[in-house]
Each structure stands twice: as C-alpha cells, then as structure tokens.
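Working notes for the structure below.
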Amino acid sequence: MRYLISVIDDRTNSATPEEHAAIDVFNDRLQAQGHWVFAGGLAAPATATVIDNRGAEAMVTDGPFLESKEYLAGFWIIEAPDLDVALRLAADGSKHCNRRVEVRPFL
C-alpha cells in the first residue's frame, strides 16, 4: 500500500543544514528498506497557480488555493505493508525533518 506523508511548515525553505542532512539519512534508510517511492520539497505557496476548468473556460489564478498560516512544504510517497508501519515511518520522518507531518493512504 502507498501512503503520502505531507510535511507541514509555516516558512519557506526553512530547513537548517543539519535538518537537510538528517532528511538525507532518512531518505537513504527508506530506500534501503524498500519503502521509498518518491519525495520532494515544494516552493512557497506564493509560486502556486490554481486552474479551474470546470466551466466553459479554464480560469487560471496566481497564488495558493487556500490562504493559510501553514502549508505543504514537502512530501514523501512511501510503500508500507500497513498503516502501523506507515505511521512509524512518518514519526521517523517528522523527527528527521523537525516538522509536523500528516499521513494519508492512497485510494
């Protein structure tokens, strides 16, 4: 089963060199243990573009979909046999990146 681990932050590109190094260690461990699918950091919400093509014409709007104090700063997509393993990995990811994370299974 695949899970999304979302990293939640209130600042852009705020990781310290030590946190980057810890994230690299965590990423290496995910890969070595066969949990790694994909991961990445995201640019600031102000760089987002929202597209709504539900009507007759696509509407393109600059900026984030939601104005929020906290936002999705990065993510991991992992493979795990069950939610318990995914939650343990997410707890390790939270510790390594020094941020709160959210875990959600893919449908």
>> Under 4.5 Å between side-chain heavy atoms, counting indirect links through other Ile/Leu/Val/Met/Phe/Trp/Tyr residues: same cluster for Phe38 and Leu42 or not?
In response: yes
> Ala73 and Asp9: which non-hydrogen atoms are nearest, and at how many Å?
Replying inline: CB-CB, 3.7 Å
> Got a second to check how far Phe26's CZ is from Glu19's CD, nearest 0.5 Å?
Replying inline: 14.5 Å
>> Check whether Arg54 reaches the backbone of Asp52 with its side chain - one donor and one acceptor, N or O, closer than 3.5 Å.
In response: no
>> Under the side-chain hydrogen bond (donor to acceptor under 3.5 Å, both in side chains) definition, can you give me all pairs with a residue in residues 81-92, not counting sequence neighbours?
In response: Arg29-Asp92
> When you look at Tyr3 and Leu87, which way does the side-chain contact (heavy atoms from CB on, under 4.5 Å) test go after all the steps?
Replying inline: CA-CA 10 Å; Tyr3 295 87; Leu87 293 176; over 6 Å; no
> When rounded to the nearest 0.5 angstrom, what is the spacing between CD in Glu79 and NE2 in His35?
Replying inline: 9.5 Å
> What about Leu83 and Val37, same hydrophobic cluster or not, with Ile/Leu/Val/Met/Phe/Trp/Tyr joined at side-chain heavy-atom distances under 4.5 Å?
Replying inline: no
> Would Arg99 and Ser14 satisfy side-chain contact (heavy atoms from CB on, under 4.5 Å), going step by step from the backbone distance to the final call?
Replying inline: CA-CA 10 Å; Arg99 306 287 184 282; Ser14 63; 2.9 Å; yes
> Between Asn27 and Trp76, which heavy-atom pair has the shortest distance, and what is it?
Replying inline: OD1-NE1, 2.6 Å
> Same cluster for Val103 and Ile77 if Ile/Leu/Val/Met/Phe/Trp/Tyr side chains link at under 4.5 Å?
Replying inline: no
> Between atom CG of Asp24 and atom NE2 of His96, what is the distance when rounded to the nearest 0.5 Å?
Replying inline: 10.5 Å
>> Is there a path of hydrophobic side-chain contacts, each under 4.5 Å between heavy atoms of I/L/V/M/F/W/Y residues, joining Val101 to Leu30?
In response: yes
> Measuring from Glu70:CD to Ile8:CD1, what's the distance to the nearest 0.5 Å?
Replying inline: 6.5 Å
>> Are Met1 and Leu89 linked, directly or through intermediate hydrophobic residues, by side-chain heavy-atom contacts shorter than 4.5 Å (ILVMFWY only)?
In response: yes
> Shortest non-hydrogen contact from Ala80 to Ala86?
Replying inline: CB-N, 3.9 Å
